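Here's the structure, in structure tokens; my notes come after.
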There are 2 protein chains.
Amino acid sequence: MPNPMFDRIALIGIGLIGSSLARKIRQENLAGEIVISTRSQETLARAAELGLGDRYLSDPAEAVVEADLVIVSVPVGSSGAVAELIASSLKTGAIVTDVGSTKASVIAQMQPHMPEHVHFIPGHPLAGTEKSGPDAGFAELFENRWCILTPLEGTDEAAVERLAAFWRGCGSNIDTMDPQHHDMVLAMVSHLPHIIAYNIVGTADDLETVTKSEVIKYSASGFRDFTRLAASDPTMWRDVCLHNKDAILEMLSRFSEDLASLQRAIRWGDGDKLFEMFTRTRAVRRSIIEAGQEIDAPDFGRFVASHPEKR
Amino acid sequence: MPNPMFDRIALIGIGLIGSSLARKIRQENLAGEIVISTRSQETLARAAELGLGDRYLSDPAEAVVEADLVIVSVPVGSSGAVAELIASSLKTGAIVTDVGSTKASVIAQMQPHMPEHVHFIPGHPLAGTEKSGPDAGFAELFENRWCILTPLEGTDEAAVERLAAFWRGCGSNIDTMDPQHHDMVLAMVSHLPHIIAYNIVGTADDLETVTKSEVIKYSASGFRDFTRLAASDPTMWRDVCLHNKDAILEMLSRFSEDLASLQRAIRWGDGDKLFEMFTRTRAVRRSIIEAGQEIDAPDFGRFVASHPEKR
């Protein structure tokens with residue numbers, strides 16, 4: 001077996017992303033040793049039961065000692081606190097990265113704590129499911145997904161390339177961009193969809209003319225699609241909303257403007273306009289399938305997944 | 001083999017729903033003869049190539065002759081025209097039903113044309129995928145889905161029960177309700193989700209700060225979920241918007257009100273409110289899975305569907 005890519009990787013946070021990384025690191029021999037730390041004793045004990053790492057430590061400062069790569073996988077609102085805790089224990093030349101869904105805020109929180117002798121390279125793997133916790137992770141989570149790195153000016157290029165190689169080893173494709181652009185893009189492709197999904201599920205839950213049991217029973221007619229994103233981790237998504245506020249408000253305002261226009265077309269019975277709006281959106285899905293970012297099966301492959309005998 | 005449930009079934013319209021019915025009727029021997037009619041010559045020829053029926057006729061009036069069950073599966077805006085065309089050819093005692101997503105409008109369009117000697121029973125199977133056309137149908141489409149019947153006052157109960165038995169034979173569960181309530185329920189669980197999905201995909205398509213290629217590449221972070229509903233048949237959905245206007249406008253207005261409140265919580269950084277809103281929606285998905293209306297696998301089972309070896 002070739003030498004592992006890193007001698008020691010420290011995973012701070014062992015939820016869906018952290019535990020998927022742990023599994024993939026082991027599978028691909030990306031680290032000689034995996035050290036895991038997380039704040040909750042219960043989660044740490046579960047990670048140990050699952051055998052996700054080699055050592056398990058409550059104290060993140062202890063966990064990062066002698067680590068060549070430190071991956072912080074916590075809700076973005078906790079990044080600053082973690083950075084402060086680990087700062088003085090980081091090894092010279094270590095790469096410190098994160099997986100947070102917002103980048104400008106994470107940089108503002110973490111960078112002030114980072115010593116000169118480490119390479120701090122913010123990152124964001126665009127991968128996940130609606131599940132959370134160490135049991136929910138799986139090694140293939142990052143397969144053919146994009147990981148965006150947002151290195152700061154003056155960052156050592158060899159270190160960036162080393163981190164990119166790590167993510168490629170996890171199955172990801174790599175892009176780099178500046179943090180502000182990342183936050184704008186993600187506000188559109190990820191944050192807005194989640195917020196809209198949470199909102200529509202909340203609207204349905206509040207109705208009095210339609211009962212909850214009707215919403216549940218008849219959900220296969222469209223509604224259930226939104227319940228997946230709306231089942232995502234509330235702490236993570238609260239923090240995203242608090243830490244990418246400006247870009248999210250901008251996207252929300254465009255969405256609402258467009259919705260007002262669509263609503264007007266419905267009110268005035270403008271069939272041609274509705275037809276045009278409902279036609280152009282078809283091409284977007286086709287492109288996503290062609291880009292390998294969506295399954296090419298009707299209904300997200302639900303039927304295939306639940307009827308293995310029909311494959 | 002037992003006698004078929006109906007001697008002759010006429011299917012007017014042979015898209016996703018009509019062609020799924022044709023396949024299931026054959027599989028379960030629900031009809032002695034399947035007669036298919038649709039307006040497009042090309043679609044009719046394709047239905048014949050697929051062997052979906054026993055006879056194929058351009059003229060719907062000819063197709064319904066001697067049929068015991070007539071199922072109209074066309075965009076809801078065309079229901080009135082079809083009803084007018086077939087009215088004088090309907091057999092005495094025939095059951096005439098439809099599969100339209102709106103019920104009050106379909107009744108207003110069709111009932112005036114229906115002769116006294118037939119049983120007109122509006123219906124709506126809550127089943128579908130984002131695909132359309134005769135190739136997209138499959139026999140299992142209605143399996144464990146709900147079919148809502150909205151019989152008019154004074155309708156023969158035996159005829160309603162016969163139609164219910166037919167849908168149960170297709171694998172559906174049956175509910176009956178009044179047309180107005182149906183339209184209100186569906187505006188929430190189906191029409192609003194589709195409109196919101198069309199809208200968000202349109203918003204993304206219009207942005208200039210985020211490129212189309214970025215939207216496509218990074219869509220797995222949430223956005224792609226919405227592209228499925230937004231890839232649905234534009235004619236069908238234009239008609240739904242035009243024919244269930246009041247209920248849709250009511251649901252849109254509630255949705256927008258809730259979204260304004262959520263937006264305000266984001267603007268003012270009200271983390272507690274966001275956390276509360278994002279927490280209660282999780283339970284809704286759990287209930288849908290428990291009700292057997294959603295697959296109990298992360299990410300809609302996409303991973304399972306695309307990695308059969310990992311099952």
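Chain A is the first sequence line, chain B the second, and so forth, proteins listed ahead of strands; every chain is numbered from 1. Computed from a predicted structure; not experimentally measured.
- The aromatic rings of A:Y198 and B:F278 lie parallel to each other, their planes meeting at an angle below 30°, with 60° marking the opposite boundary.
- Within the 4.5 angstrom heavy-atom criterion, only side-chain atoms of A:F226, from C-beta onward, approach chain B.
- When the candidates A:G269, A:G202, A:G301 are compared by the number of heavy-atom contacts under 4.5 Å with chain B, A:G202 comes out ahead.
- Among A:Q263, A:K212, A:M184, the residue with the largest count of heavy-atom pairs under 4.5 Å with chain B is A:Q263.
- Heavy atoms of B:A204 lying under 4.5 Å from chain A belong to its backbone as well as its side chain.
- In terms of heavy-atom pairs under 4.5 Å with chain B, the best-connected choice from A:T279, A:L259, A:L252 is A:L259.
- Contacts with chain B were tallied for A:R280, A:H194, A:K131; A:R280 has the most, counting heavy-atom pairs under 4.5 Å.
- Listed options B:I200, B:L207, B:I289, B:I295 were ranked by heavy-atom pairs under 4.5 angstrom with chain A; first place goes to B:I200.
- Per-residue counts of heavy-atom pairs under 4.5 Å with chain B were compared for A:I148, A:L126, A:V189; the largest is that of A:V189.
- Here B:K103 pairs with B:D98 in a salt bridge; the nearest charged N to carboxylate O distance falls below 4.0 Å.
- A:E250 does not touch chain B: none of its heavy atoms, backbone or side chain, sits under 4.5 Å away.
- Across every non-hydrogen atom of B:S221 and A:S190, the tightest pair is O-OG, 2.9 Å.
- Most heavy-atom pairs under 4.5 Å with chain A, from the set B:V201, B:L249, B:V215: that is B:L249.
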Check against side-chain contact (heavy atoms from CB on, under 4.5 Å), A:F142 and A:C147: CA-CA 8 Å; A:F142 308 104; A:C147 179; over 6 Å; no
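- What you find for B:A127 and B:I17 is that their closest heavy atoms are O-CD1, 3.4 Å.
- Both the backbone and the side chain of A:T209 have a heavy atom closer than 4.5 Å to some heavy atom of chain B.
- Neither the backbone nor the side chain of A:H191 comes within contact range of chain B; no heavy atom of the residue lies under 4.5 Å from a heavy atom of that chain.
- Proximity to chain B (any heavy atom under 4.5 Å) is shown, for A:A197, by both the backbone and the side chain.
- Only the side chain of A:L262 comes within contact range of chain B, judged by heavy atoms closer than 4.5 Å.
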Stepwise side-chain contact (heavy atoms from CB on, under 4.5 Å) test for A:S101 and A:N244: CA-CA 9 Å; A:S101 307; A:N244 194 23; over 6 Å; no
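- Interface remark: B:H181 contributes side-chain atoms only to the contact with chain A (heavy atom separation under 4.5 Å).
- For A:R145, the part lying near chain B is the side chain, with the backbone staying farther off; criterion is any non-hydrogen pair under 4.5 Å.
- In terms of non-hydrogen atom pairs under 4.5 Å with chain A, the most contact-rich of B:V284, B:L192, B:I216, B:L141 is B:I216.
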A:K245/A:S105 under side-chain hydrogen bond (donor to acceptor under 3.5 Å, both in side chains): CA gap, chis, key distance, verdict: CA-CA 10 Å; A:K245 187 165 88 170; A:S105 156; over 6 Å; no
Test log, rule side-chain hydrogen bond (donor to acceptor under 3.5 Å, both in side chains), inputs B:R224 and B:S219: CA-CA 5 Å; B:R224 66 175 175 171; B:S219 61; 5.8 Å; no
Do any side-chain atoms of residues 231-239 of chain B form donor-acceptor pairs under 3.5 angstrom with protein atoms, and if so which ones, sequence neighbours left out?
unit_1, atom_1, unit_2, atom_2, d
B:S232, OG, B:L229, O, 2.7
B:D233, OD2, B:M236, N, 3.3
B:D239, OD2, B:G77, N, 2.8

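- Of the atoms belonging to A:I248, it is side-chain heavy atoms, and not backbone ones, that fall under 4.5 Å from chain B.
- Both the backbone and the side chain of A:A230 have a heavy atom closer than 4.5 Å to some heavy atom of chain B.
- Highest contact tally toward chain A, considering only B:I196, B:T203, B:N199, is held by B:N199 [criterion: heavy-atom pairs under 4.5 Å].
- Per-residue counts of heavy-atom pairs under 4.5 Å with chain A were compared for B:V210, B:L274, B:T281; the largest is that of B:T281.
- The greatest number of non-hydrogen atom pairs below 4.5 Å with chain B, out of A:L242, A:I195, A:I288, is found for A:I288.
- Looking only at side-chain heavy atoms (C-beta outward), A:V76 and A:V106 come within less than 4.5 Å of each other.
- Of the listed residues (B:R228, B:K217, B:R302), just one forms a salt bridge (Lys or Arg N to Asp or Glu O under 4.0 Å) with A:E294, and that residue is B:R302.
- The shortest side-chain heavy-atom distance between B:M177 and A:E214 falls under the 4.5 Å cut-off.
- Listed options B:L186, B:T129, B:D206, B:N173 were ranked by heavy-atom pairs under 4.5 angstrom with chain A; first place goes to B:D206.
- In summary, B:D270 and B:R264 do not engage in a salt bridge, as defined by a charged side-chain N under 4.0 Å from a carboxylate O.
- In this structure, CG in B:N144 is found 8.5 Å from CH2 in B:W146, a value given to the nearest 0.5 Å.
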